[in-house]
Amino acid sequence: MASIEQGEGRFYIAGDGKDLAEITYRTDEATGNWVIDHTFVSEDLRGQGAGEKLVRAVVDKARAEQVKIVPQCPYAAHQFKKHEEYGDVLSRS
């Protein structure tokens with residue numbers, strides 16, 4: 001699997017000149033929290049853990065920047081339920 005790249009408000013995995021997987025987030029102006037609003041994994045990468053790796057990339061960056069996350073998209077919300085160790089960056093508000 002190709003490496004995870006970072007862009008403005010997103011992490012992605014690119015290949016063959018296109019995005020094969022992507023997770024996007026935005027900063028909530030009122031709270032400063034990051035809101036994960038979209039996760040996409042192409043058929044090419046399905047079942048290879050690409051989505052989980054993208055969520056982990058956002059979690060790692062949030063830890064480094066001491067920011068909380070609101071997992072709004074269903075996939076990210078599922079990952080936060082599955083990985084209790086992400087609780088330290090989960091927004092409680």
Side-chain angles (χ1 to χ4, degrees):
M1 185 182 318
S3 63
I4 294 175
E5 305 290 331
Q6 184 177 346
E8 183 65 37
R10 74 184 193 127
F11 284 91
Y12 62 98
I13 299 170
D16 298 328
K18 63 181 189 234
D19 290 350
L20 299 176
E22 172 185 58
I23 189 166
T24 61
Y25 60 93
R26 59 183 167 76
T27 302
D28 181 302
E29 291 184 16
T31 63
N33 293 336
W34 290 349
V35 179
I36 297 177
D37 50 15
H38 174 73
T39 307
F40 163 78
V41 177
S42 68
E43 289 294 329
D44 298 347
L45 294 182
R46 291 250 163 95
Q48 297 179 41
E52 285 193 49
K53 288 178 180 159
L54 290 170
V55 172
R56 191 170 317 118
V58 177
V59 167
D60 290 345
K61 183 174 169 66
R63 282 182 178 138
E65 298 190 17
Q66 299 182 336
V67 176
K68 297 292 186 187
I69 294 175
V70 178
Q72 191 175 65
C73 96
Y75 182 81
H78 172 74
Q79 288 299 312
F80 270 79
K81 285 188 181 88
K82 184 175 167 184
H83 294 277
E84 291 179 9
E85 68 271 21
Y86 294 171
D88 61 317
V89 293
L90 179 63
S91 170
R92 305 288 177 204
S93 55

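What you find for Asn33 and Ser91 is that their closest heavy atoms are ND2-OG, 3.1 Å. Scanning both residues, Ala14 and Ala2, for their nearest heavy atoms gives O-CB, 3.5 Å. Nearest heavy-atom pair, Gly32 versus Thr27, reported as atom, atom and distance to 0.1 Å: O-CG2, 3.9 Å. Across all their heavy atoms, Cys73 and Thr39 have their closest contact at SG-OG1, 3.2 Å. Between Ala21 and Ala50, the shortest heavy-atom contact is CB-CB, 4.4 Å.
Val70 forms part of a hydrophobic cluster together with Val35, judged by ILVMFWY side-chain heavy-atom separations under 4.5 Å.
The shortest distance between side-chain heavy atoms of Val55 and Tyr75 falls below 4.5 Å. Contact of the Val59 side chain with the Phe80 side chain is registered, since non-hydrogen atoms from C-beta on lie closer than 4.5 Å. A 4.5 Å side-chain heavy-atom check between Gln72 and Arg26 finds at least one atom pair inside the cut-off.
Tyr12 and Ile4 fall into different hydrophobic clusters, defined by Ile, Leu, Val, Met, Phe, Trp and Tyr side-chain heavy atoms under 4.5 Å apart, directly or through other members. Using a 4.5 Å cut-off between side-chain heavy atoms of Ile, Leu, Val, Met, Phe, Trp and Tyr, with links allowed through other members, Tyr86 and Val58 fall into the same hydrophobic cluster. The same ILVMFWY cluster, assembled from side-chain heavy atoms under 4.5 Å apart, contains both Ile13 and Val41.
The side chain to side chain donor-acceptor pair (under 3.5 Å) test applied to Asp19 returns Arg10, not counting sequence neighbours. For Glu52, the side chain to side chain donor-acceptor pair (under 3.5 Å) test picks out Lys82, His83, with sequence neighbours left out. Remark: Asp44 engages no residue in a salt bridge (charged side-chain N to carboxylate O under 4.0 Å, His left out) (not counting sequence neighbours).
Atom CG of Asp37 is separated from atom OG1 of Thr24 by 4.0 Å, given to the nearest 0.5 angstrom. Once rounded to the nearest 0.5 Å, the distance linking CG of Leu90 with CD of Glu84 reads 11.5 Å. Rounding to the nearest 0.5 Å gives a distance of 9.5 Å between CG of Leu20 and CD of Gln48.
Sparse packing is recorded around CD of Gln66, with 12 or fewer heavy atoms of other residues, nucleotides or ligands lying under 6.0 Å away.
With Asp16 contributing its side chain and Lys18 its backbone, the two residues share no donor-acceptor pair below 3.5 Å.
Sequence neighbours left out, the pairs with a member in residues 14-56 that pass ring-ring contact (aromatic ring centres under 6.0 Å, His included) are Tyr25-Trp34. The list of salt bridge (Lys or Arg N to Asp or Glu O under 4.0 Å) pairs with a residue in residues 57-71, not counting sequence neighbours, reads Asp60-Arg63, Lys61-Glu65, Arg63-Asp88.
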